[in-house]
Each structure stands twice: as C-alpha cells, then as structure tokens.
Amino acid sequence: MDADDGEGFGDFRTRKKNIFDDDVSVEAAKKIITSARFDDDDLDDDMEILDLGSSTTSVKFSAGTAPSSKTMPDLSSLATPASSSVPSPANLRINPSAAEPRHSFGSFQKAAGHVRSQSLTIAPLKSGGDMQFPKVNMLRGSNTGSNSSLTIEEAVGTMGRKFGSMDVDQMQQEIIQLRKQLLAARKERWTKMPVDLTLRRIMKGEPYSLENYRALEDKLSLLDKAVTLMDGNAITAAVLHLKKTVKRATFQQELMLRPVAANHYLAYLRGHFEHAELIDTLSMLGRSEEAAIVKYRLACSTGDINTKVSSLKACLRAHFEAEPSLAGDASLIREHIDLLERQRPIEDSDARLEAEGRTKVFLDFPRRFALVNMPVTTTLFYCCLYHYHLQENSFASPVSIKKRHELPERQFVWTAVSARAKAKGWTDIEQLLTAKGWFGGKKLKAAIGFGKVVDILHRFQAPHDILAKYLELVEDLDTRLTLAKKTDCKKAMIETLVKQKDRAGVEEFARKYSATIEAEYARRVLRDEAIRWK
Amino acid sequence: MDLHEIKRILKDHLTHLLESMPDQKDLVIDPELTKPLDRVAGIAFLKEHGVDKIFKLEPSQKSLPGRGKRIYLVRANMLNMKYIADQITAERRLGQTREYIVIMVPRRLHVCEVILENEGVFGHVTLEEFRLDLFPLDTDLLSLEMHSLFKSFYLEGDYTHIHTVASSLVTLQHLYGRIPNVYAIGKLSKMTYDLMKTMHDHEEGQQTKFSIGQLYIIDREVDFVTPMCTPMTYEALLDETFGIECGVIELGAEIVGKQQNVKMLLTSNDPIYTEIRDCHFSSVFPFLSAKAKELHAIHEKKNSLTSIGDLKNFVTQDLGRLKQQQAALSHHISACEHIMKTKMKQDFESAIRAEHNLLEGSETRECIAYMENTLYRQDPYLSSLRLLCLLSLTQNGLTPRDYKTLKTDFLHSHGFEHLATFFSLKKLGMLVEQEQTSKVAAVKLRRSQFRQLANKLGLVPKSGEEVMTKNPTDVSYVFGAAYAPLTVKIVEYILQHEALQSFEDIGRMLPGGIHTHVKYRAASKGAAKTTFLPVGQHSPRTVLVYFLGGCTFSEVAALRTLAQREKLQIIVATTAMITGPSLLDSVCERK
C-alpha cells in the first residue's frame with residue numbers, strides 16, 4: 001500500500017517539484033509546466049553524461065577508480081585552467097547544465113549535505129565536468145546537448161575499446177533503467193523510497209535520506225534489513241535514526257530485541273564517549289558485567305588519587321556488589337581500593353623523607369617512580385626495599401601487605417629475597433628462609449626452591465660465600481653444578497663434582513683453572529684416597 | 001599474476017582526489033595511514049600532485065599554519081572527525097578561511113558525517129572517500145592494514161568493517177576475474193562472503209574468466225592458538241621483536257651500532273632476505289655467516305685484478321651490489337644477535353617447554369606452576385598472558401580454581417586495571433573459565449575440542465618425529481616442529497580432499513563451520529555446465545587465502561611452504577599483519 005501511495009503521488013510531485021526547484025524565474029517554471037516532457041528529456045541528457053560514466057564504473061570497478069584512471073591525464077592537465085575559470089572548487093559540482101535554473105536545486109541539495117552530491121557516480125560526473133571546463137566559458141548558455149554528445153562519443157569510445165561491439169539493445173535498456181533511476185531520485189526527496197533501495201544506496205556510497213521513514217514499522221524494517229544485509233554503516237545510520245525519532249522507552253524496547261543493532265549503538269556511544277548512556281544501555285540490555293567493567297575502567301582513569309578512590313567505591317557499591325555473579329571481581333576491587341589507600345600515606349611520607357635527603361636508604365636507592373598506582377607486587381618489593389623491618393601494624397609493612405592481599409608464600413619469598421638482595425641485606429634473607437624445626441631446631445627452607453634463590457642472588461651480584469651457602473642447599477646435583485658454573489662459584493663446583501664422584505670432572509677443573517686457589521683445592525681432593533670415585 | 005596492478009589503480013584514484021583541489025595545498029594525514037601511503041604512493045608522488053606541506057593529524061594541534069587549501073586524509077572514525085572539526089573551528093575563529101577536503105579511508109561513514117554536522121563544520125568541508133583497501137606488501141602478500149577490525153568486530157560486535165573486506169574482494173575480482181571456488185571458514189567469513197555476493201548481485205554483467213581459482217576466507221576466531229605460539233621463523237621473529245610495519249622494519253641505532261636508526265624494506269627484492277625470511281631461526285645464522293664469507297671472497301677479488309678492464313668490471317658490476325648486500329647483511333646479523341639476546345634474557349627454554357607441553361596436553365600442573373613464576377617475577381605481561389590464553393584455548397577453559405588464582409596473581413603483578421583485560425579476553429573466548437556444571441562430563445566433552453582437531457589434522461607432530469627444519473616440507477617447522485598452524489592445515493586439508501566438496505567432519509569442530517561454494521572443477525565431466533573459464537593453465541592452481549582479523553608471518557611462511565610442495569601459487573591477503581602480543585595488546589587495558 002505504501003508503495004502504491006508513493007507511485008500515485010509520484011507524477012504529481014515530480015511536476016510540483018520542478019516548479020519548486022525552478023523558482024528562480026516564473027517564466028522558466030511556466031515553460032516547464034507546459035512542456036514537462038521536454039524537461040524530462042533535458043534532464044535525461046544530463047543523466048546520460050553521468051551514467052555512461054557510471055556504467056563503465058559498474059562493469060569495471062566499483063569505486064570509480066577505473067574511469068578516473070582513463071580520464072586522469074586530462075584531469076591533471078586541465079585542473080589549472082578549470083580553477084582559473086571557477087571561483088571555488090566547491091563549484092566543480094555545478095556542472096554546465098546546473099548553471100541554469102537547476103542551480104537552486106543544487107544548493108538545495110547542499111543543505112541536505114553532500115550526502116546527495118557525493119557518490120559513486122559522481123566521480124565520473126566530475127571528471128566529465130572537468131573535461132568541459134575549458135569550454136564552459138564559450139558554451140555557457142548554449143545547448144548542453146552538444147557537450148553531452150561529445151562526452152558520449154568519448155565514453156562510447158572507451159567502452160568500444162574495452163568490449164568490442166556493444167549491444168545497442170543493452171545500451172537502450174540501460175538508458176531506460178537510468179531514466180527510471182532518475183525519476184526515483186527526483187521523487188526521493190518527497191516520497192519515501194523502498195527500504196531496499198535506500199540500503200543499496202548506502203551500501204554503494206550513494207546519496208540517501210532517512211527522514212522520510214516516519215512510521216515506526218518503516219524505521220524498524222530499515223534497521224532489520226540493514227542487519228540482514230550486514231552493512232555496518234547502514235545499521236548504525238538506521239539505529240541512530242530510530243534513536244533520534246522515537247521516545248526512549250520505545251527505542252530501548254526495540255533495541256532489546258535486536259542484539260546486532262544494540263552492538264552498533266553501543267559502539268557509537270563508545271566512540272562518542274557517552275559513558276553514562278553507555279552504562280545505562282548496557283544495564284538495560286542485561287549486560288550488567290560489561291556495564292560494571294565500563295564503570296570500573298572509567299573510575300581507574302581518574303587522575304586524582306582521592307577522586308579515584310571514591311569513584312572506585314561508588315562503582316563497587318553500584319555495580320559489583322549489586323550483582324551476586326560478580327562477587328569475585330568485587331573482592332578484587334576491594335583489594336584495589338585498599339591498595340590505593342595504603343599507597344597514599346606511604347608515598348606522602350617517603351616523598352618527604354627523600355626530599356629532605358637525610359634518610360640513608362633513599363640516598364642509596366633513589367626512588368625511580370612514585371608508588372601510587374603501582375601493582376601489588378611492585379608495592380611489596382618497594383616496601384621490602386625501604387621498609388622491610390617495620391611492624392605488621394604499619395601501612396608499609398611487607399607482612400601486612402602479604403596478609404591483606406593473601407599473597408602465596410612463594411610469591412612473598414620471591415619478592416622479598418629479590419628486594420633484600422638488592423639492598424644487600426644478606427642476613428634478612430637468611431632469616432626469611434629460616435624455618436623453625438620441631439624442637440626449636442633451625443633449618444633453611446625456601447618455598448621457591450634454592451635454585452631460584454641462587455638465581456636471584458646472582459642477578460643482584462651477591463658475593464660468592466653467600467651464593468655458596470645456598471648452592472649447597474640445592475638438592476639436585478646436576479642443577480647445582482649448572483648453577484655453580486653459571487654463578488662462577490668454583491668451590492661449589494668442585495664440591496658438587498666430588499659429590500657426583502666425577503673424578504674426570506675434577507681433573508678437568510684442575511686443568512682449566514690451574515692458576516686459581518681452587519685448583520689447589522681440586523688437586524688436594526684428587527689426592528684424597530678416602531673418596532671413592534665412580 | 002601481477003599484484004602491482006592494484007597499486008596503480010590506487011594511485012590513479014589518489015591522483016584524482018588530489019587533483020580535485022587545484023593548485024598547491026597542504027595535506028594532513030592520519031598517523032595510522034602514513035605507512036600504507038608510503039607503500040602505495042610515497043612523498044614524491046604527493047608532491048607531484050600539488051601537495052605542499054604534510055602534517056600529521058594530532059589532537060594536540062588546535063590549528064595549523066599553511067596554505068589556504070587543505071586536504072585531510074584520515075581513517076573514517078569519529079575521533080578523527082572531532083580533531084578535524086576542532087581545527088577548522090579554531091581556524092575560523094582566528095578569521096582564517098580555507099578550503100577543506102576531508103578524504104575518508106576506506107569509505108564515508110554515516111557517523112563521521114554526523115560528527116561533522118554536530119560540530120557545525122559540515123558546510124565548510126567537501127567530503128570524499130579513498131577506497132584504500134587491499135594493497136600489496138610483497139609479491140604474494142596483500143593487506144588492508146586495518147588493525148581496528150579485530151577489536152571492533154570480535155569484541156564489540158560492530159559490522160562496519162565487513163563492508164571494507166567484502167568490497168576489497170569485489171575489487172580484486174574486478175581485476176582478476178570472479179573466483180569460482182570459495183571456502184568460507186568461520187562465522188565472519190560466511191558473513192563476508194554473503195555481503196560480497198550481495199555486492200556482486202547488484203552488478204550487471206557476470207565475469208566468467210578467472211585467474212584465481214580458489215578463495216579461502218579464514219576467520220581468526222577459528223584459530224586463536226596459532227598467534228599464541230612463539231614463532232621460530234626469521235621473519236616472524238623480526239616482527240615480534242622489532243615490529244614490521246607495512247613491510248618496513250626499524251632497527252634502533254644501538255642495535256646496528258650506528259649514529260641513527262636504520263629503516264629497511266623487507267620484500268622479495270632483497271635477495272638475502274628472500275632466502276632467510278622463512279627459515280627456522282637456527283639455520284639463519286649459519287646462512288648469514290656463509291654469505292659473509294662469500295662476500296668477503298668477492299671482495300678479495302680486487303687484489304687479484306690485473307687488467308684495467310677487470311678493475312672496471314669489478315667497480316661497475318660487483319662493487320655496488322657488494323656494498324648493498326654488505327649493508328643488508330650486517331643489519332640482518334645485528335638483528336639476529338638482538339633476537340638471541342632478548343630470548344636468552346627471557347628464560348626462553350622454559351617458556352618454550354611450557355608452550356610445547358600445553359600443545360601436547362601434557363604436564364599441565366607444571367605449566368601452571370611455570371606461569372605463576374612468570375607472574376611472581378613480573379615478566380612482561382604480554383608473554384604471561386599469551387601462555388594463559390594458550391592454556392585456556394588448548395584445554396577449552398581453565399578450571400574455576402586455576403582461573404581464580406592465575407587471574408588474581410596476574411592482577412597483583414600487573415595492576416588491577418587488567419580486570420577489564422580479563423573481561424575482554426573472556427568475551428573473545430580466548431581466556432575463559434570452565435563452567436561448573438556436571439564437572440566430569442563437561443570437561444571431557446569440551447577438552448576434546450582442540451585435541452580432536454589436533455588429532456584429525458595432525459597439528460601436533462608426534463614426539464620424536466623428525467621434521468627437517470632445514471628443508472621443510474611439513475608446515476609445522478614454523479613452530480619448531482611442535483605445532484602446525486591450524487589455519488594452514490585447514491587449507492591443506494581442503495586442497496587434499498577437494499573432491500569431497502563437503503568438509504562437515506572438520507567444519508563441525510570449528511566455530512562457524514565451513515561453507516563451500518564450488519563452481520569450477522577441472523577434472524569433472526560436468527565441466528561443460530560451468531560458465532567459468534580459467535585465463536591460463538595456472539589459474540585453477542592459483543589460490544587466495546584471506547585472513548580476517550589478522551595473519552601472522554608464521555602462517556605466511558607455512559603457506560609459502562605449502563605452495564611450494566603442492567605446486568600452487570598462493571597469495572595471502574589479510575586485514576592486518578599481526579603477532580600474538582600485538583593481538584593481545586589491542587584488547588588490553590592501557591595504563
């Protein structure tokens with residue numbers, strides 16, 4: 001029924017439009033009313049210029065680059081004269097025929113945006129226009145037909161070269177079709193085009209208009225067909241059109257039924273930085289976890305530490321605690337807040353101490369970064385380096401950090417050993433690794449394995465005697481030997497070789513390092529008859 | 001097949017756009033487009049067509065000096081439009097009037113126009129589009145270099161870029177004929193194929209001659225495992241260590257031991273590079289040292305030159321080539337050294353062992369312990385994340401306990417902000433938690449997915465099986481004979497089972513399945529029915545493999561090997577060249 005209406009009004013409106021368009025002079029309007037057919041033909045001529053170009057386009061290359069490649073040499077050589085005769089390049093669009101009454105139509109289009117004038121078919125149109133420019137001055141006001149015939153010749157020439165004998169029927173058919181297209185184009189401003197046609201135009205990058213879709217059904221059909229077609233640009237255009245023209249409740253209701261459209265709307269909101277609406281829409285769509293994450297991300301990007309803490313708290317209350325399925329993340333965010341609240345006072349006091357320049361540890365190891373916003377592990381390392389001996393009730397106490405964030409023993413040992421090794425606190429490391437035995441006996445124990453301890457100590461350039469002490473505790477002999485070699489602990493190397501009963505190994509050592517003190521030790525070992533070699 | 005035709009057409013189009021604004025003008029370019037434009041056109045080309053000054057589009061720049069005519073060449077996105085609008089508004093406020101053209105790449109988008117309209121500058125600009133879609137990076141490699149596609153489609157469900165991919169295929173087929181046989185693998189591939197078909201349907205005149213016989217469209221979602229594996233071929237390692245952008249690598253001054261950074265174009269024009277790019281890293285160094293000796297020998301020749309004629313020959317012919325090769329050689333050696341150094345520092349052996357175990361599905365507990373260690377010692381977060389994803393992908397998710405521990409450890413070591421990273425990876429299906437319903441059955445069922453594929457396609461060579469890394473025929477050499485890229489194996493499988501026409505058995509195991517559209521069959525009797533005709537005798541054996549969501553150099557190397565072995569010509573197209581870390585980084589929370 002809609003289509004019928006459109007058709008019915010078509011002729012009427014065509015005529016009416018022409019009057020409206022040609023409002024420059026009443027005479028012109030009268031002439032057009034009396035000879036409507038002539039007008040059609042006249043315009044059709046124009047269209048032929050345009051569409052012969054575009055027909056090569058459609059055969060060869062959709063982006064209009066193919067014809068441009070052909071017309072290019074002309075284009076570049078003519079570019080300069082064209083500019084001298086035309087006040088501004090914007091006028092490139094106004095081709096010779098448009099200089100006549102249709103001018104007003106041109107500028108009218110402009111109001112609707114270049115959407116209308118820029119298109120796939122416009123490239124050849126423009127090149128056609130350019131080609132004619134040098135002649136414009138001479139020919140202005142004269143019959144445009146001569147111009148167009150010239151272009152046709154050229155166009156046919158190129159087509160002939162490309163396709164040999166082209167079927168005349170086919171060309172005529174094309175003309176008929178183009179004529180139809182033209183009619184449709186002229187009506188389009190006033191009547192709504194079928195949804196499919198509009199979508200095709202969007203997809204091809206041709207001018208289009210959505211404002212004539214006023215019935216909700218039309219808007220939805222536009223949206224649904226865009227989704228089926230899978231042209232994202234059209235989907236976004238349709239969804240924004242819907243959003244702009246219906247009340248919020250209706251919009252949301254329809255969006256809930258259309259996940260793809262919803263995604264496009266959300267992408268638009270993200271790109272447009274409309275965070276509040278983004279979060280609302282996500283919640284409305286039942287995507288509460290995503291809403292919570294968006295809010296969290298927003299809170300995290302806050303620069304000022306105090307504001308950040310309060311926005312994190314707000315986010316926790318409003319989103320994470322409200323949703324039982326997000327309990328895990330909620331506890332992580334609580335950790336995040338606590339971490340920031342711990343870092344704040346430490347940073348304040350340490351920055352002051354460092355500035356005063358009287359605290360030794362800050363002179364020995366100048367702080368390379370501010371503590372606030374650092375991860376837990378980095379904070380632990382920091383506190384192990386600068387505040388290792390603090391009581392547990394202090395903010396900066398490593399043990400308190402370990403407790404609050406429930407850090408695994410292995411991680412704690414790893415970080416603490418590294419930090420103390422950097423500070424050359426060898427006794428701290430020994431204490432850390434000392435475990436109390438059953439009857440008060442003491443024993444060294446490392447959750448990460450002594451191999452890793454040696455690795456870390458070596459990285460921080462621990463002295464050999466310290467290294468040797470922990471090397472001895474590496475249980476696997478092969479690993480111990482590799483580590484001893486890597487850390488260049490010669491004594492440990494010999495001892496390990498002896499343990500392995502590897503006489504050849506010790507002999508080789510004695511040869512290789514004959515000038516060292518350890519070589520003497522190696523030779524003594526070799527003389528020792530108590531050792532049973534392999 | 002000459003891919004340079006594409007470049008010519010792009011240049012013509014660009015010329016047309018530049019000349020549409022007569023006289024001299026300034027060009028403001030989106031930083032993301034500088035490298036692609038360098039490959040397609042180059043500065044000299046721009047200058048030839050009236051470009052005077054070239055600026056980068058930067059948000060910090062509120063207004064720009066320069067001429068009264070200006071062209072903006074930018075990717076079509078809202079942010080760029082806002083920057084442009086701000087500049088125009090500011091300049092108008094200063095009383096400067098200019099002509100502006102905004103060229104959107106690869107096409108004009110509704111949202112962009114909305115922004116320009118909202119900002120009130122719509123009336124001051126002329127809008128154009130530059131359909132920069134696929135452009136050649138090498139003689140067998142095409143790319144859109146559109147890195148935003150991955151995040152936008154897979155993470156946000158935005159369809160906008162599908163159009164670009166589909167229309168790039170349409171463009172390609174305008175040049176090289178309609179491809180008769182299409183295999184669309186995965187959901188996005190199917191969508192792309194459908195949209196491409198719609199675009200074709202809108203055209204009149206069907207082309208029937210083809211010079212590309214087969215098209216494989218592969219959705220990255222089908223295979224996230226491959227980018228998560230550590231590459232072993234030289235080119236892939238270069239990409240991961242230094243980053244290859246549009247075929248150009250930049251080596252730091254300290255690496256090459258020079259005053260300034262060195263830029264090198266890596267294509268098959270470089271004879272040394274062509275020989276080593278796809279080699280396993282272990283054989284690159286021996287080759288380079290042999291080459292060095294060879295060059296040295298040629299150099300020595302100058303001492304034995306007796307006649308002036310010989311000397312002249314040497315100077316005119318050998319010397320220039322020698323110098324060039326010498327420079328390239330020394331850069332490659334420096335790059336190699338740097339790669340080795342980086343690998344040693346990162347505890348490479350253990351990382352590789354963990355990775356191989358995950359691929360084999362053995363020693364999982366040990367792997368998890370290793371991952372915890374990398375987190376405790378704060379290794380670069382992308383390498384830890386890569387292993388985590390590999391664990392999830394090969395096991396079809398982590399157990400709730402492992403998920404919780406590893407996630408917490410990760411957040412502790414790299415910042416709580418990564419909560420959002422984990423959310424994104426979950427949404428992508430790259431790092432997920434197993435569902436807790438009826439544990440045993442669920443785990444069994446889901447676990448089998450990657451394993452099933454691995455068994456069916458022989459992705460993981462049996463231990464002990466020798467894969468000749470020096471003269472590879474098995475594509476698994478690209479990952480040190482530990483894993484053959486799934487994407488390439490699917491192509492190989494379809495090639496070998498072409499006669500079946502239906503690959504349901506494999507398709508069932510892949511998200512989105514395989515959609516087959518076969519119109520041309522060389523050997524069949526029904527050939528008369530088809531209207532498709534090959535241009536040359538090689539056409540049916542010319543294959544285009546199009547990766548959606550990105551392709552790694554490991555996959556390119558594997559496909560080159562496959563092409564050589566099966567006597568095919570394979571052209572690789574992709575939406576972007578990626579590495580595992582770059583892929584992860586694009587969805588990671590930045591700090």
Side-chain angles (χ1 to χ4, degrees), chain A residues 58-63 65-66 68-69 72 75-76 79-80 82-83 88-90 92 113-115 118 123 126 200 203-205 229-233 235-237 240 260 263-264 266-268 270-272 289-290 293 296-297 300 328-329 332-333 335-336 375-377 405 407 410-411 414-415, chain B residues 9-10 12-13 15-16 19-23 49 77-79 99 107-111 113-114 117 122 126-129 131 152 156-163 167 170-171 174 191 194-195 198-199 202-205 372 376-378 404 408-409 411-417 419-420 423 589:
Chain A
S58 69
V59 175
K60 187 127 192 276
F61 189 62
S62 64
T65 46
S68 75
S69 70
M72 240 248 318
L75 236 184
S76 43
T80 329
S83 76
S88 100
L92 279 175
H114 306 281
V115 179
Q118 299 278 326
K126 263 206 265 169
R200 189 186 291 197
M203 199 169 81
K204 287 191 167 175
L229 203 62
M230 291 176 296
D231 182 359
N233 187 33
I235 301 173
T236 308
L240 291 182
V260 176
N263 281 337
H264 275 256
L266 294 169
Y268 167 77
R270 254 180 235 116
H272 213 226
E289 182 175 4
E290 199 169 346
I293 293 286
Y296 173 69
R297 197 184 273 146
C300 285
D329 285 352
L332 286 165
I333 291 172
E335 278 192 51
H336 191 179
V376 175
T377 309
H405 296 285
L407 299 180
R410 271 164 62 214
Q411 177 169 21
W414 196 296
T415 311
Chain B
I9 286 175
L10 287 171
D12 285 348
H13 190 186
T15 306
H16 182 76
E19 298 286 353
S20 75
M21 183 180 252
D23 300 337
H49 296 284
N77 63 47
M78 289 190 264
L79 211 52
E99 288 169 28
R107 67 163 174 158
R108 299 169 51 172
L109 292 182
H110 180 84
V111 279
E113 291 171 16
V114 167
E117 197 177 338
F122 202 100
T126 307
L127 298 183
E128 295 281 359
E129 59 187 24
R131 300 216 172 190
S152 132
E156 296 173 359
D158 184 332
Y159 287 10
T160 307
H161 294 317
I162 304 179
H163 183 281
S167 84
V170 171
T171 310
H174 279 302
M191 293 166 80
D194 288 343
L195 184 56
T198 312
M199 288 176 173
H202 288 173
E203 295 174 356
E204 291 112 45
E372 283 173 348
Y376 297 158
R377 60 174 191 241
Q378 291 185 297
K404 184 164 183 282
T408 310
D409 287 344
L411 300 190
H412 280 163
S413 281
H414 300 292
F416 289 104
E417 293 80 2
L419 200 67
F423 173 76
E589 232 19 59

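Small disclaimer: the values here were computed from a predicted structure and weren't measured. Naming: A, B, ... by sequence-line order, numbering from 1 per chain.
Distance check, rounded to the nearest 0.5 Å: NZ of A:K204 to NE2 of B:H163 gives 10.5 Å. Atom NE2 of A:H264 sits about 7.0 Å away from atom OH of B:Y159, to the nearest 0.5 Å. Atom CG of A:N233 is separated from atom CD of B:E113 by 8.0 Å, given to the nearest 0.5 angstrom. To the nearest 0.5 angstrom, A:I235 atom CD1 is 7.5 Å from B:T160 atom OG1.
Contacts between B:D409 and chain A at a heavy-atom distance below 4.5 Å involve the side chain alone, from C-beta outward. Proximity to chain B (any heavy atom under 4.5 Å) is shown, for A:L229, by both the backbone and the side chain. For A:Y296, the part sitting under 4.5 Å from any heavy atom of chain B is the side chain, from C-beta outward, and nothing else. For B:M78, the part lying near chain A is the side chain, with the backbone staying farther off; criterion is any non-hydrogen pair under 4.5 Å. Both the backbone and the side chain of B:R377 come within less than 4.5 Å of a heavy atom in chain A.
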Q: Show the numbers, then the answer: is there a side-chain contact (heavy atoms from CB on, under 4.5 Å) between B:T198 and A:R200?
A: CA-CA 10 Å; B:T198 312; A:R200 189 186 291 197; over 6 Å; no
Q: List the steps and the verdict of side-chain contact (heavy atoms from CB on, under 4.5 Å) for A:L332 and B:L411.
A: CA-CA 9 Å; A:L332 286 165; B:L411 300 190; 3.7 Å; yes
Q.
Would A:Q411 and B:S413 count as a side-chain contact (heavy atoms from CB on, under 4.5 Å) here? Give the steps.
A. CA-CA 10 Å; A:Q411 177 169 21; B:S413 281; 3.7 Å; yes
Q) A:T377 and B:Y376: side-chain contact (heavy atoms from CB on, under 4.5 Å), yes or no, with the steps? A) CA-CA 7 Å; A:T377 309; B:Y376 297 158; over 6 Å; no
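By number of non-hydrogen pairs under 4.5 angstrom with chain A, the leading residue of B:V111, B:L109, B:T408 is B:L109. Chosen from B:H161, B:M199, B:E156, B:E372, the residue pairing most often with chain A at heavy-atom distances under 4.5 Å is B:E156. Chosen from B:D194, B:I162, B:L195, the residue pairing most often with chain A at heavy-atom distances under 4.5 Å is B:L195. Listed options A:T236, A:T415, A:V260 were ranked by heavy-atom pairs under 4.5 angstrom with chain B; first place goes to A:V260.
With no hydrogens or angles considered, a side-chain donor-acceptor pair links A:E335 and B:H412 at under 3.5 Å.
Classification of A:D329 and B:K404 as a salt-bridged pair fails, no side-chain N sitting under 4.0 Å from a carboxylate O.
Using modelled atom types, no side-chain atom of A:N263 and backbone atom of B:D158 make a donor-acceptor pair closer than 3.5 Å.
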